[in-house]
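This structure is a prediction, so every number in the text was calculated from the model and none was measured.
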Amino acid sequence: MRDARRIVVKVGSSLVTNEGRGLDEAAIGEWCRQLAQLVRDGREVVMVSSGAIAEGMKRLGWRTRPHEIHELQAAAAVGQMGLAQMYETKLRENEIGSAQVLLTHADLADRERYLNARSTLVTLLRLGVVPVINENDTVVNDEIKFGDNDTLGALVANLVEADALIILTDQKGLYTADPRKDPDAKFVHEAAAGDPALEAMAGGAGSSIGRGGMITKILAAKRAAGSGASTVIAWGREADALLRLTRGESIGTLLVAQTAKHQARKRWMADHLQLRGAVVVDAGAAAKVRAEGKSLLPIGMTGVSGEFSRGDVIAVRDAEGVELARGLANYSSVEARLLCRKPSAEFERLLGYVAEPEMVHRDNMVLMPS
């Protein structure tokens, strides 16, 4: 955690709303103070916050979570107003900008929407703004019924290529069994994310306010580990928990990813057996990619083969057809053909917009064995 530069923090409904009594202004203020300090320390932070439905229930005078989809959607619509306003106010008090981002699982399943969401979030982080993310419960059905923000937190960690996921909850962390029922239950300080034994230790959903439980946090840590992010599950009311974790202090349960972030991403690209297409580059671009590890710019491209979309893994080949590298395409094959040999200053004239100056960014590229 001490070395984590990009961090996703997730807080649950019971913490945000003080077990359904309404938004906990003091608690949210404390988290925002710590988030602001992390930004000032040079870290990039995303907040995934539950609480919209619970806050909506409180504002509507409902004591139990409704079952009808339209009532859940109404509660989310009412509660989201207060939730966003609270984070905006508390972050602004700490002189940090905020942005509201509502996502659904569908946004992260569709390639174009995934890349657009990623570009927006990365830009916000680069600007020093804290994105506050919640699931867009107002417009989806199955996500409300079956979804949980632990899973969303892990998906966001994958989306922005975070170094760490911190899940703040109303429990100290993971125990080998339910400590309320088993006096021999032992606290788990550290384990390997994805270890099947962890799922056996976790119980069911924890409260009537939220939808998650320890099992969703264990599965979220497993999902986050797939892109190389380690996870901490910690008590959300622990004093200065976020700051102390990033200083290297041991708090809660640490579930360690078994593959480093960059290794996981590059292994995924290198293991693609079927590529949608390729771009051919001149000798100058080939040297920059191969010898200097530079991004591939369209001005160095001489040809395009295959049909691919933005976000597909493509090959980068030299004039002899040797595969130099492979990576994620920032433009489709149709667009790439228009951009061959063109400088970035001409992209908008040719396409009507500019997505990225590179065809393949070096962070999204892996060199192939020579």
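Closest of all the heavy-atom pairs between Ala193 and Ala221 is CB-O, 3.9 Å. Ala224 approaches Leu165 most closely through the heavy-atom pair CB-CD2, 4.1 Å.
Summarising the geometry, atom OG belonging to Ser50 is positioned 4.0 Å from atom NZ belonging to Lys10; distances are rounded to the nearest 0.5 Å. Atom SG of Cys32 and atom CD of Gln37 lie 13.5 Å apart (nearest 0.5 Å). Put simply, CE on Met359 and CD1 on Ile299 are 15.0 Å apart, with the number rounded to the nearest 0.5 Å. A distance of 7.0 Å separates CG in Leu174 from CG in Leu255, rounded to the nearest 0.5 Å.
Ser344 places none of its side-chain heavy atoms less than 4.5 Å from the side chain of Leu297. The shortest distance between side-chain heavy atoms of Leu219 and Asp150 does not fall below 4.5 Å. Residues Arg65 and Leu72 are in side-chain contact: their nearest non-hydrogen atoms beyond the backbone lie under 4.5 Å apart. Taking the side chain as every heavy atom from C-beta outward, Asp240 and Glu30 approach each other to under 4.5 Å. Under the 4.5 Å side-chain criterion, counting only non-hydrogen atoms from C-beta, Met214 is in contact with Gln171. Looking at Glu323 and Leu275, their side chains come closer than 4.5 Å, going by heavy atoms from C-beta outward. Taking 4.5 Å as the limit, some side-chain heavy atom of Met301 sits within range of a side-chain heavy atom of Val279. Two residues are said to be in side-chain contact when any heavy atoms from C-beta on lie closer than 4.5 Å; Leu242 and Val45 fail this criterion.
Between the side chain of Asn134 and the backbone N or O of Leu102, no donor-acceptor pair lies under 3.5 Å.
Leu91 and Val11 fall within a single hydrophobic cluster, where Ile, Leu, Val, Met, Phe, Trp and Tyr are joined by side-chain heavy atoms under 4.5 Å apart, directly or via other members.
Lys288 NZ: 12 or fewer foreign heavy atoms inside a 6.0 Å radius.
Contacts classified as ring pair (Phe, Tyr, Trp, His ring centres under 6.0 Å) and involving residues 20-43 (residues at least two apart or in different chains) are not found.
Ring orientation note: the planes of Tyr331 and Tyr353 are tilted relative to one another, at an angle of 30° to 60°.
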